[in-house]
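Remarks on the structure that follows.
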Amino acid sequence: MKKVSLSDSGPKVSEAIYGFWRWTDEGIATTSQIEKTVNLCLELGINTFDHADIYGDGSIEEHFGKIIHNKSFKREDIVLFSKCGVRQTPNKYLTYFDTSRDHIVNSINSSLKRLRTDYLDIFLLHQSDFLSDPEETAMALAEVVKSGKARHIGVANFTVFQHQLLASYLRIPIVTNHIELNLMNTSAIEDGRIDFIKQSFSKPLAWAPLAGGKILNGTDEKVVRLRTKLEEVGRKYNANIEQTAVAWLMKLGTLPIIGSLSESRIRNAASASEIKLSREDWYEIYHASGK
């Protein structure tokens, strides 16, 4: 798998990225299990890993930090993301957003400690905070870059206007926006988020590339129709449904964030980078999604 520039400012990342958000849902994360998945990703050419302070209340970062400490690979051979901004009350009753300076600084310091590394390649805001002071937030992000704790900054789940607002207070570039994008949810194409990210000379990162498995297992009429089309088009490329759906995202210029714990699904997503859909096939699949 080749490496591509995430933006004109960097860094270089693998065409597919592995994210750890689903490990929390499964509740079975151990250091050895995560290490096995990381080694599989590296074998497949995926060297870029996406974390957040909230995943497992920091436990996923702790497991990954142990792997870094064990020197299973060189730190400089991987690209490491983490995010902050989503918080929960102690009893998990309420989820809320916080991009205040104190939370940003405390979060990156804690993530670096858990990950046992001196820096993050990208530090992202996980959600836009409606109550934030954009100047304060921007200054905090500039501070973590100036200090060397993060080499680049990004955002996740931001609308175009939220992205523009934060960027207007920054002198350093926002190198990406992590957005939900898949054939069951193409709203980022229609609402301008994809165009705006590209206008900023960046590549979007697409989370939930298979709609949480719905594209593979869903039973409603829309997804059945889509799956039939993916099978039909995939036969032209000797590809299965999963590979074709991920190749569709890559053709759009987005980088999928893989979250599966399944080895076969990780392999399918990684191999999708070898499939080059024609323009006609891309649009045929797009229209089969209901557009």
Side-chain angles (χ1 to χ4, degrees), residues 1-6 11-56 58-68 70 72-83 111 114-117 120-124 126 152 154 156-157 175-182 203-213 215-216 242-243 245-247 249-250 254-274:
M1 180 179 294
K2 69 179 181 180
K3 306 301 183 288
V4 297
S5 293
L6 189 54
K12 286 216 163 191
V13 299
S14 48
E15 289 181 290
I17 290 154
Y18 190 84
F20 287 94
W21 79 93
R22 294 203 187 282
W23 287 82
T24 309
D25 296 338
E26 297 295 330
I28 58 171
T30 66
T31 301
S32 60
Q33 287 171 318
I34 290 179
E35 185 168 21
K36 181 179 177 182
T37 297
V38 169
N39 288 336
L40 171 63
C41 288
L42 293 173
E43 172 196 325
L44 297 172
I46 299 170
N47 77 330
T48 307
F49 300 95
D50 179 54
H51 291 272
D53 57 0
I54 199 170
Y55 296 164
S59 64
I60 307 301
E61 288 185 332
E62 287 180 353
H63 289 304
F64 200 94
K66 290 175 184 176
I67 298 168
I68 291 177
N70 291 340
S72 298
F73 47 80
K74 294 180 180 177
R75 169 64 183 90
E76 58 268 25
D77 290 340
I78 64 168
V79 182
L80 201 55
F81 301 174
S82 194
K83 304 183 289 296
S111 286
R114 288 190 293 264
L115 289 164
R116 303 197 192 190
T117 185
L120 294 173
D121 295 278
I122 304 184
F123 183 58
L124 304 102
H126 207 159
H152 304 277
N157 307 305
V175 299
T176 190
N177 187 0
H178 292 203
I179 54 177
E180 182 178 3
L181 177 62
N182 54 65
K203 290 182 174 63
L205 272 64
W207 61 268
L210 295 170
I215 289 173
L216 299 177
E242 190 167 357
Q243 291 168 316
V246 175
L249 290 168
M250 290 178 164
T254 65
L255 308 180
I257 303 179
I258 307 163
S260 178
L261 281 66
S262 162
E263 178 176 340
S264 63
R265 289 184 62 182
I266 294 170
R267 289 185 180 276
N268 280 334
S271 62
S273 63
E274 301 167 12

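Computed from a prediction, not measured in an experiment: that's the story for all the values here. Below, all heavy atoms of this structure are taken into account, side chains as well, without hydrogens, waters or symmetry copies.
In this structure, T176 contributes its side chain and K203 its backbone to a donor-acceptor pair below 3.5 Å. Distance alone, capped at 3.5 Å, is enough to place a donor-acceptor pair between the Q33 side chain and the T30 backbone.
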Chi angles and distances behind the side-chain contact (heavy atoms from CB on, under 4.5 Å) call for L115, L120:
CA-CA 9 Å; L115 289 164; L120 294 173; 3.7 Å; yes
How far apart are the C-alpha atoms of N182 and L210, what are their side-chain angles, what is the distance that settles it, and do they pass the side-chain contact (heavy atoms from CB on, under 4.5 Å) test?
CA-CA 6 Å; N182 54 65; L210 295 170; over 6 Å; no
With side-chain contact (heavy atoms from CB on, under 4.5 Å) as the test, would you mind laying out the steps for W21 and I54 before giving the verdict?
CA-CA 9 Å; W21 79 93; I54 199 170; over 6 Å; no
One pair to check against side-chain contact (heavy atoms from CB on, under 4.5 Å): I78 and F49. What are the steps and the verdict?
CA-CA 8 Å; I78 64 168; F49 300 95; 4.0 Å; yes
Going through the checks in order, is the side chain to side chain donor-acceptor pair (under 3.5 Å) test met by S271 and E274?
CA-CA 6 Å; S271 62; E274 301 167 12; 5.9 Å; no
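K12 is not listed as a side-chain neighbour of V4, based on a closest heavy-atom distance of 4.5 Å or more. Between I17 and I46, the closest side-chain pair of non-hydrogen atoms is not below 4.5 Å. Taking the side chain as every heavy atom from C-beta outward, L249 and L255 never approach each other to under 4.5 Å. Residues L124 and S82 are not in side-chain contact: their nearest non-hydrogen atoms beyond the backbone lie 4.5 Å or more apart.
If you check the side chains of S32 and E35, you find no donor sitting under 3.5 Å from an acceptor. One side chain, W207 or N157, offers a donor N or O that lies under 3.5 Å from an acceptor on the other.
The side chain to side chain donor-acceptor pair (under 3.5 Å) search around S262 returns S264, not counting sequence neighbours. For the side chain to side chain donor-acceptor pair (under 3.5 Å) test, no residue two or more places apart in sequence or in another chain qualifies with S260. Listed by chain and number, the residues in a side-chain contact (heavy atoms from CB on, under 4.5 Å) with N47 are K3, S14, L42, V79 (sequence neighbours excluded). Taking the ring-ring contact (aromatic ring centres under 6.0 Å, His included) definition, one finds that H178 meets it with F81, sequence neighbours left out. By the side chain to side chain donor-acceptor pair (under 3.5 Å) test, T117 is found to be paired with R75, residues two or more places apart in sequence or in another chain being considered. Under the side-chain contact (heavy atoms from CB on, under 4.5 Å) criterion, S273 pairs with M1, E15, M250, sequence neighbours left out. Residues passing the side-chain contact (heavy atoms from CB on, under 4.5 Å) test with P204 are I179, I194, I197, T254, sequence neighbours excluded. N268 is linked by a side chain to side chain donor-acceptor pair (under 3.5 Å) to N240, E242, counting only residues two or more places apart in sequence or in another chain. With sequence neighbours excluded, the residues that form a side-chain contact (heavy atoms from CB on, under 4.5 Å) with T31 are H63, K66, I67. With sequence neighbours excluded, no residue forms a salt bridge (charged side-chain N to carboxylate O under 4.0 Å, His left out) with D53.
Residue pairs satisfying the salt bridge (Lys or Arg N to Asp or Glu O under 4.0 Å) criterion with at least one member in residues 254-263, sequence neighbours excluded, are listed as follows: E263-R267.
Once rounded to the nearest 0.5 Å, the distance linking CG of L205 with CG of L6 reads 6.0 Å. To the nearest 0.5 Å, atom NZ of residue K36 and atom CG of residue L261 are 11.0 Å apart.
Below 30°, between 30° and 60°, or above 60°: for Y18 and F20 the angle between ring planes is above 60°, a perpendicular geometry.
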